[in-house]
Amino acid sequence: MFEWAYDGVNSSIPRNVGPECANYLTLNRRIIETLFISVFIISFIAWGLKRVTLPKKLAYVSQDRVGRRVLLILMSLVLGMETGFKFTSRTVIYLLNPCHITTALQLYLLAADPSPTVTAIFRIHLNLLNGPVLAYLFPETESRIIFADKAMYYIQHGLMLVIPFYLLRIGGVYNIEPLSDMSWSILSFGLNAGYHFWILQSVALPVQVNLSHMLCAAVLDPFEGQNYRIWAVTHQSILCPILCKLFCYGADFFLTKFPPTRVKPSLECTIPKKNCTYEQNEKLHEDSNTSGNGHTRFD
């Protein structure tokens, strides 16, 4: 019934599609492994939800800037072209891959009006930047025959790193928790792992398409074997928060300390039309410290 969504997947690429990949792990192994990892997923989500905080005194001002609109248009065009290529090649199922979901979240962040929901989604999506980083380190473009299709792969993942940096530059609603606060990272990883094991695996198994390597290990996976998914959960639970914190630390350095690129005194400072003053920033710090609301700080 849905063959149009996946019958164009290239079967000549090793461990990309087919019964060999689907049978890489036995069904019993998949069930037991999924149940075991689901305990950790639920624990991470529950632990994170109990501890995450959002700013209570942040002024959600309009931040309709030219750069924001340009990035929204560019990423919309890129995702539109990606979608078009997927329909043309009958590989629509690949739109479920995590990087496309993250791209959709970024489009929402660029288009939505300021609100606490935007802040929450922004903080969660910062912990999903392992996708574009791994896409550049281990590119998978063998199935993309057309040059424009391959170009979209690199452009999309590049924009996925540019957009959060630009949003941190704007500040305001796009703010982050203190560097030492791990609640958002733990919540985000729980949601990320849940998406892989509960949704991607459920879709990939019946159609035998290796979505995000949930069916079988990649050929170059150093942890390939029967335990490759347990190893993946382990190293990604370390990599995701580390990349998030490094990205935020780097943004803080370049946006607030490095003279050639410094645009404001602190990341929590909002620059709707012009840079805020140190006096405004000090006032924001006072409000944040008295409210205990998890505002952006690099103390």
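Just so you know, these numbers come straight off a predicted model, no measurement behind them. Excluded from the calculations below are hydrogen atoms, water molecules and symmetry mates; all remaining heavy atoms, backbone and side chain alike, are included.
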Ion pair Glu82/Arg144, N-O distance below 4.0 Å:
yes

Got more than 12 heavy atoms from elsewhere within 6.0 Å of CG, Leu220?
no

Hey, can you tell me if Trp4 and Phe87 have their rings parallel, tilted or perpendicular (30° and 60° cut-offs)?
parallel

How long is the straight-line distance from NE2 of His213 back to CG of Asn16, given to the nearest 0.5 Å?
8.5 Å

Out of Val118, Leu109, Asp113, which residue meets the side-chain contact (heavy atoms from CB on, under 4.5 Å) rule with Val173?
Val118

For Leu159 and Met75, which heavy atoms make the closest approach, and how far apart are they?
CB-CE, 3.5 Å

Any heavy-atom pair between the side chains of Leu126 and Ser185 that's under 4.5 Å?
no

Spell out, yes or no, whether Ile199 and Tyr6 are grouped together once hydrophobic residues are joined by side-chain heavy atoms under 4.5 Å, including indirect joins.
yes

Of the non-hydrogen atoms in Leu215 and Val209, which two are nearest, and what is the gap between them?
CD1-O, 3.4 Å

Do Leu110 and Leu167 touch side chain to side chain, with heavy atoms closer than 4.5 Å?
yes

So if you build clusters from Ile, Leu, Val, Met, Phe, Trp, Tyr with side-chain heavy-atom gaps below 4.5 Å, do Ile42 and Ile32 land together?
no

Output, in order, the C-alpha distance, side-chain angles, deciding distance and verdict of ring-ring contact (aromatic ring centres under 6.0 Å, His included) for Tyr24 and Tyr228.
CA-CA 11 Å; Tyr24 188 85; Tyr228 87 97; 5.6 Å; yes

Any chance the rings of Phe165 and Phe254 have centres within less than 6.0 Å?
no

For Tyr154 together with Tyr136, are the ring centres under 6.0 Å from each other?
yes

Does one hydrophobic cluster hold both Leu205 and Leu35, with members joined at side-chain heavy-atom distances below 4.5 Å?
yes

Under a plain distance cut-off of 3.5 Å, with no hydrogens placed, do Thr34 and Trp198 share a side-chain donor-acceptor pair?
no

Hey, could you give me the SG/CG distance between Cys269 and Asn175, rounded to the nearest 0.5 Å?
12.0 Å

For the residue pair Leu187 and Phe44, establish whether any side-chain heavy-atom pair is separated by less than 4.5 Å.
no

I need the minimum non-hydrogen distance between Tyr153 and Pro139, along with the two atoms involved.
OH-CA, 3.3 Å

Geometric class of the Phe122/His125 ring pair [parallel <30°, tilted 30-60°, perpendicular >60°]
tilted

For residues Asn97 and Ser212, is any side-chain donor paired with an opposing acceptor at under 3.5 Å?
no

Atom pair CD/CG of Glu142 and Asn10 - distance to nearest 0.5 Å:
9.0 Å

Please say whether more than 12 non-hydrogen atoms of neighbouring residues, nucleotides or ligands are located less than 6.0 Å from CD in Gln226.
yes

Arg51 bridged to Glu177 by N-O distance under 4.0 Å:
no

Around atom CD1 of Ile145, are there more than 12 heavy atoms from other residues, nucleotides or ligands closer than 6.0 Å?
no

Show your reasoning for whether side chain to side chain contact (heavy atoms under 4.5 Å, CB included) applies to Gln208 and Cys21.
CA-CA 7 Å; Gln208 299 184 345; Cys21 184; over 6 Å; no

Distance col, row Cys216:SG vs Arg229:CZ, nearest 0.5 angstrom, shows 10.5 Å

Taking all non-hydrogen atoms of both residues into account, name the closest pair between Cys240 and Asn192 and its distance.
SG-ND2, 4.3 Å

Going by heavy atoms in the side chains, are Pro241 and Phe189 under 4.5 Å from each other?
no

Side-chain heavy-atom pair Asn210, Val17 within 4.5 angstrom cut-off:
no

Could you name each residue pair satisfying salt bridge (charged side-chain N to carboxylate O under 4.0 Å, His left out) that touches residues 89-103, not counting sequence neighbours?
Asp7-Arg90

Close aromatic pair by centroid cut-off 6.0 Å: Phe223 and His235
yes

Looking at side-chain heavy atoms only, is the closest gap between Met81 and Gln156 below 4.5 Å?
no

Find out whether Arg65 and Tyr166 are in side-chain contact, i.e. whether some heavy atom of one side chain is under 4.5 Å from a heavy atom of the other.
yes

Do Lys264 side-chain atoms and Thr256 backbone N/O form a donor-acceptor pair below 3.5 Å?
no

Walk me through whether Gln201 and His196 qualify under side chain to side chain contact (heavy atoms under 4.5 Å, CB included).
CA-CA 6 Å; Gln201 180 176 220; His196 278 77; over 6 Å; no

For a quick test of reading the model, state the closest non-hydrogen atom pair linking Leu168 to Tyr174 and the distance between them.
CD2-O, 3.9 Å

Starting from the C-alpha separation in whole Å, work towards a yes-or-no answer on side chain to side chain contact (heavy atoms under 4.5 Å, CB included) for Tyr94 and Val9.
CA-CA 9 Å; Tyr94 282 142; Val9 177; 3.2 Å; yes

Is there a side-chain contact between Ile93 and Val207, using heavy atoms and a 4.5 Å cut-off?
yes

Roughly how far, to the nearest 0.5 Å, is CG of Leu243 from SG of Cys248?
10.5 Å

Closest heavy-atom pair and its distance - Arg123, Pro55:
NH2-CD, 3.6 Å

Does Ile73 belong to the same Ile/Leu/Val/Met/Phe/Trp/Tyr cluster as Leu71, with side-chain heavy atoms less than 4.5 Å apart forming each link?
no

With a 3.5 Å cut-off and no angle check, do the side chains of Ser183 and Asp181 form a donor-acceptor pair?
yes

Shared hydrophobic cluster for Tyr108 and Val162 (ILVMFWY, side-chain gaps under 4.5 Å)
yes

How would you list, by chain and number, every residue that makes a ring pair (Phe, Tyr, Trp, His ring centres under 6.0 Å) with Phe253, sequence neighbours excluded?
Phe258

Quick check for you: to the nearest 0.5 Å, what is the distance between Ile230 atom CD1 and Ile37 atom CD1?
5.5 Å

Under the side chain to side chain contact (heavy atoms under 4.5 Å, CB included) criterion, do Leu134 and Gln236 qualify, and how do the steps go?
CA-CA 11 Å; Leu134 293 175; Gln236 290 305 302; 3.9 Å; yes

Around Trp231, counting heavy atoms of other residues, nucleotides and ligands shown, do more than 12 lie under 6.0 Å from its CH2?
no

